[in-house]
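Encoded as structure tokens, the structure appears first; notes follow it.
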Amino acid sequence: METYQQFDGIVLSIRKHREKDALVKIFTRNHGKRMFFVKNIKNPNHALKAALLPFTKATYLGRIKDDGLSFLQDSRETVHFSKMQTDIHLNAYATYLNNLADAAINDAIKATDLYDLLEESLVAMQNGMDAEIVVNIFEMRILKYFGAAPQLQECIICHSKQEPFDFSVKFSGALCQKHYGEDPRRSHASPAAVHFARIFQLVTPKQVGNIKIKTETKQALRAFIDELYEEYVGIRLKSKSFIDQMHAWETKVEIPFRTVTEPEPEPNKPNESGQSDLSSS
């Protein structure tokens, strides 16, 4: 069955098809990921050209087909995440978010909460929130789409919520200090990294706001989340490899990575002391 309707969507990718046409993958809010055939998109006067640029959200009018390619007719309320189109760092992070969202669900599967999280994450980066933090939140939130559910909110053995925690792959959960000995091969992760990972598992970028995390904690958090993805997800996206290379290049030439000047954390927001009142999304 095919329908002709209006729908919100975020452009995930565009690839050339034949000489002047294109195949555009759009993550729609109500119909999941769909591949659209767009004819003569190379024409500079094409009505949909601006609405199909990378890192664009719009309300589209088109035909959604259950089988094969779908088709677009028109668009309105186009929003360009322009910073992602001009800033190499933000471009890399936004591309990774799009790729992760693409990998997390099959085509045509409705996932409204994932769509909303992707949109909120792109908006947060556009508005100046630290892109590394946005990505970390996104990664932790979507683990469930890959069938992964590491328990970070309490000790997997005694259910204590008292930090510091380490992580055990053996038990697929956090260990409090009293039970570190239950797994001699525990991760030995930075307590601060586990602290922020467990918070990011529950919140969205909008709820966290602009927080400041020390460089060494960011690095430890990155290493811990990478460990989770290697253990539970097992995919290696080119966009993630590019981000890793980008960090290596900047470290090698001693160029400080992008930072965001932020105010002191407000009450109920996580801070470097490891204290936070955030306990639910």
Side-chain angles (χ1 to χ4, degrees), residues 7-15 22-36 51-60 62 64 69-70 72 75 78-85 87 89-127 129-150 197 200-208 222 225-226 228-230 232-244 281:
F7 51 88
D8 292 335
I10 297 171
V11 176
L12 292 182
S13 63
I14 306 171
R15 75 170 186 261
L23 296 176
V24 184
K25 182 175 284 189
I26 296 178
F27 187 2
T28 74
R29 191 172 190 275
N30 294 318
H31 306 284
K33 297 181 302 172
R34 301 281 179 160
M35 187 68 78
F36 293 86
L52 296 177
L53 293 172
F55 313 118
T56 298
K57 172 189 174 295
T59 299
Y60 298 96
I64 302 291
L69 300 174
S70 297
L72 295 174
S75 67
T78 301
V79 176
H80 296 293
F81 299 109
S82 56
K83 290 184 179 180
M84 288 69 155
Q85 297 168 345
D87 186 307
H89 298 90
L90 296 183
N91 183 288
Y93 285 117
T95 298
Y96 178 49
L97 291 185
N98 281 355
N99 291 167
L100 265 183
D102 194 1
I105 56 172
N106 292 327
D107 292 349
I109 301 298
K110 182 178 179 179
T112 304
D113 54 345
L114 178 57
Y115 175 93
D116 291 341
L117 179 63
L118 177 60
E119 180 183 1
E120 185 177 326
S121 298
L122 294 173
V123 169
M125 287 198 290
Q126 176 72 16
N127 291 338
M129 185 174 175
D130 189 325
E132 290 181 271
I133 302 304
V134 174
V135 166
N136 291 157
I137 294 171
F138 193 86
E139 289 173 314
M140 293 304 301
R141 293 283 298 193
I142 72 166
L143 276 171
K144 62 183 180 181
Y145 287 97
F146 294 104
F200 293 167
Q201 198 175 37
L202 299 175
V203 300
T204 67
K206 186 184 297 184
Q207 290 171 310
V208 170
R222 172 76 275 142
I225 295 177
D226 283 351
L228 294 179
Y229 267 73
E230 182 176 347
Y232 295 105
V233 181
I235 62 172
R236 187 66 179 178
L237 299 171
K238 290 183 179 179
S239 50
K240 175 59 167 63
S241 297
F242 180 79
I243 290 173
D244 292 341
S281 56

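Numbering starts at 1 and runs along the sequence shown. Keep in mind it's a predicted model, so treat the numbers as computed, not measured.
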Item to check | Salt-bridge present (Arg141, Asp113; N to O < 4.0 Å) | outcome: no
Next on the checklist: Closer than 3.5 angstrom, by distance alone: can the side chain of Asn91 be matched with the main-chain N or O of Met84 as a donor-acceptor pair?
Outcome noted: yes
Next on the checklist: Counting neighbours of CD on Glu230 that are heavy atoms of other residues, nucleotides or ligands and sit closer than 6.0 Å, is the number greater than 12?
Outcome noted: no
Item to check | Test log, rule side chain to side chain contact (heavy atoms under 4.5 Å, CB included), inputs Leu122 and Lys57 | outcome: CA-CA 10 Å; Leu122 294 173; Lys57 172 189 174 295; over 6 Å; no
Checklist entry - Quick one: are Tyr115 and Thr28 in side-chain contact, heavy atoms under 4.5 Å? => result no
Next on the checklist: Let me confirm one number: the OG-CZ distance from Ser121 to Phe81, rounded to the nearest 0.5 Å.
Outcome noted: 10.0 Å
Checklist entry - Can you list the residues that meet the ring pair (Phe, Tyr, Trp, His ring centres under 6.0 Å) rule with Phe55, with sequence neighbours excluded? => result none
Next on the checklist: Within a 6.0 Å radius of atom CZ on Arg236, are there more than 12 heavy atoms belonging to other residues, nucleotides or ligands?
Outcome noted: yes
Next on the checklist: Let's go through Arg222 and Asp244 carefully: what are the C-alpha distance in whole Å and the side-chain angles of both, what is the deciding distance for salt bridge (charged side-chain N to carboxylate O under 4.0 Å, His left out) to 0.1 Å, and is it a yes or a no?
Outcome noted: CA-CA 10 Å; Arg222 172 76 275 142; Asp244 292 341; 5.2 Å; no
Checklist entry - Sub-3.5 Å donor-acceptor pair from the side chain of Lys33 to the main-chain atoms of Asp102, do we have one? => result yes
Checklist entry - Hey, is the main chain of Ala111 close enough, under 3.5 Å, to the side chain of Tyr145 for a donor-acceptor pair? => result no
Item to check | Check: Gln201 side chain, Pro150 main-chain N or O, donor-acceptor pair, under 3.5 Å | outcome: yes
Checklist entry - Between Ile137 and Met129, does a side chain to side chain contact (heavy atoms under 4.5 Å, CB included) hold up when you go through it step by step? => result CA-CA 12 Å; Ile137 294 171; Met129 185 174 175; 4.1 Å; yes
Next on the checklist: Can you confirm if the aromatic rings of Phe36 and Phe7 lie within a centre distance of less than 6.0 Å?
Outcome noted: yes
Checklist entry - Can you tell if the side chain of Asp107 reaches within under 4.5 Å of the side chain of Met35, non-hydrogen atoms only? => result no
Item to check | Check against side chain to side chain contact (heavy atoms under 4.5 Å, CB included), Leu114 and Phe138 | outcome: CA-CA 9 Å; Leu114 178 57; Phe138 193 86; 4.0 Å; yes
Checklist entry - Is a side-chain donor or acceptor of Tyr96 paired with a backbone partner of Leu237 at a separation under 3.5 angstrom? => result no
